[in-house]
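It should be emphasised that the depicted structure is a prediction, and the values quoted were computed from it without experimental measurement. Sequence positions, counted from 1, serve as the residue numbers for this chain.
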Amino acid sequence: MEISADQPIFVISVAAELADMHPQTLRQYDRLGIVSPSRAPGKSRRYSQRDVNMLRQVQRLSHEGVSLEGIKRILELENQVAALQHRVSELTEELGRRRNPLDQRIFAAGAAGDVVSLARGQRPRGRSQAVVIWRPRALGT
């Protein structure tokens with residue numbers, strides 16, 4: 001059984017020990033909205049491995065002289081970057097699906113203006129027909 005990094009499993013005393021902090025510091029960070037753990041049914045705080053890693057990052061930034069407001073802003077920006085990177089991945093996948101070469105259509109146009117759809121690999125009949133390959137444009141292009 002594998003435990004997710006987002007699963008809230010550590011009580012405050014264990015999380016504080018793992019992050020090498022005092023439990024009161026974790027309570028302060030929760031009040032300030034810097035690291036907000038999940039709540040168990042009895043309203044006790046439960047920290048995930050991701051929360052503990054974030055606490056370590058907060059501690060490192062604090063030791064480097066960054067204020068708590070600065071730390072909070074850095075964490076918010078990092079979350080925004082992660083969300084945007086995820087969205088870019090989604091859009092790239094969608095674009096890849098839309099640019100599938102199987103989506104293109106091939107037509108032949110005759111001298112009289114008639115248009116005939118051709119199957120993949122089929123050649124137009126006669127020399128008077130011109131081949132047109134139509135590729136649907138992706139959104140935003």
Side-chain angles (χ1 to χ4, degrees), residues 1-126 128-141:
M1 182 173 110
E2 190 172 323
I3 298 174
S4 166
D6 293 315
Q7 189 160 354
I9 55 174
F10 303 117
V11 294
I12 193 166
S13 59
V14 174
E17 187 174 331
L18 290 171
D20 197 25
M21 296 179 173
H22 192 277
Q24 194 59 36
T25 305
L26 275 63
R27 289 183 187 95
Q28 179 184 6
Y29 289 166
D30 186 15
R31 277 192 301 276
L32 295 172
I34 294 174
V35 178
S36 299
S38 299
R39 297 288 182 159
K43 295 194 179 185
S44 63
R45 293 170 176 88
R46 294 295 167 111
Y47 291 83
S48 67
Q49 184 62 51
R50 190 174 314 279
D51 293 331
V52 171
N53 293 341
M54 194 176 304
L55 287 166
R56 289 178 182 151
Q57 182 180 8
V58 169
Q59 185 178 47
R60 181 182 54 78
L61 290 169
S62 180
H63 287 308
E64 291 175 2
V66 180
S67 69
L68 291 180
E69 277 302 312
I71 291 171
K72 185 175 179 180
R73 185 69 179 135
I74 288 169
L75 295 176
E76 288 170 356
L77 290 171
E78 286 179 347
N79 287 336
Q80 286 178 355
V81 167
L84 289 171
Q85 287 173 333
H86 180 72
R87 183 66 177 139
V88 166
S89 295
E90 289 175 343
L91 291 172
T92 302
E93 288 176 19
E94 182 179 341
L95 184 61
R97 285 192 302 272
R98 288 180 184 248
R99 286 195 175 166
N100 186 346
L102 298 177
D103 288 342
Q104 70 185 17
R105 305 285 189 256
I106 303 174
F107 299 94
D114 54 323
V115 177
V116 178
S117 181
L118 298 176
R120 192 166 207 75
Q122 182 182 0
R123 297 195 177 271
R125 295 185 195 132
S128 62
Q129 293 181 330
V131 176
V132 177
I133 300 175
W134 176 77
R135 292 184 178 100
R137 292 174 52 139
L139 292 176
T141 59

Checklist outcome for this item: Smallest heavy-atom separation, Val35 atom then Tyr47 atom, equals CG1-CE2, 4.4 Å
Next on the checklist: Please list all pairs meeting salt bridge (charged side-chain N to carboxylate O under 4.0 Å, His left out) that have one or both residues in residues 30-43, counting only residues at least two apart or in different chains.
Outcome noted: Asp30-Arg39, Asp30-Arg45
Checklist entry - Do Gln57 and Asn53 meet the criterion of a side-chain donor-acceptor pair at a distance under 3.5 Å? => result no
Next on the checklist: Using the salt bridge (Lys or Arg N to Asp or Glu O under 4.0 Å) criterion, which residues pair with Arg87? Sequence neighbours excluded.
Outcome noted: Glu90
Checklist outcome for this item: Applying salt bridge (Lys or Arg N to Asp or Glu O under 4.0 Å) to Glu64 and not counting sequence neighbours gives Arg60
Item to check | Trace of the salt bridge (Lys or Arg N to Asp or Glu O under 4.0 Å) decision for Glu76 with Arg73 | outcome: CA-CA 5 Å; Glu76 288 170 356; Arg73 185 69 179 135; 3.5 Å; yes
Checklist entry - Would you say the side chain of Ile71 lies within less than 4.5 Å of the side chain of Ser62, judging by non-hydrogen atoms? => result yes
Checklist outcome for this item: Interatomic distance, CG@Leu32 vs CD@Glu69, rounded to 0.5 Å, equals 7.5 Å
Checklist outcome for this item: Sorted by chain and number, sequence neighbours left out, side chain to side chain contact (heavy atoms under 4.5 Å, CB included) with Asp6 holds for Ser4, Arg50
Next on the checklist: Tell me whether Thr92 contacts the main-chain N or O of Val88 through its side chain, where contact means a donor paired with an acceptor under 3.5 Å.
Outcome noted: yes
Without placing hydrogens or testing angles, list every side-chain donor-acceptor pair under 3.5 Å for residues 13-28, not counting sequence neighbours.
{"from": "His22", "atom 1": "ND1", "to": "Gln24", "atom 2": "N", "distance (Å)": "3.0"}
{"from": "Gln24", "atom 1": "OE1", "to": "Arg27", "atom 2": "NH1", "distance (Å)": "3.3"}

Checklist entry - Rounded to the nearest 0.5 Å, what separation is found between the CG atom of Leu61 and the CD1 atom of Ile74? => result 5.0 Å
Checklist entry - For Gln7, which residues count as a side-chain hydrogen bond (donor to acceptor under 3.5 Å, both in side chains) partner, sequence neighbours excluded? => result none
Checklist outcome for this item: Of all heavy-atom pairs linking Tyr29 and Leu55, the shortest is CD1-CD2, 3.7 Å
Next on the checklist: Arg46: which residues meet the salt bridge (Lys or Arg N to Asp or Glu O under 4.0 Å) condition with it, sequence neighbours left out?
Outcome noted: none
Checklist entry - Passes side chain to side chain contact (heavy atoms under 4.5 Å, CB included), Lys72 versus Leu75? Steps please. => result CA-CA 5 Å; Lys72 185 175 179 180; Leu75 295 176; 6.0 Å; no
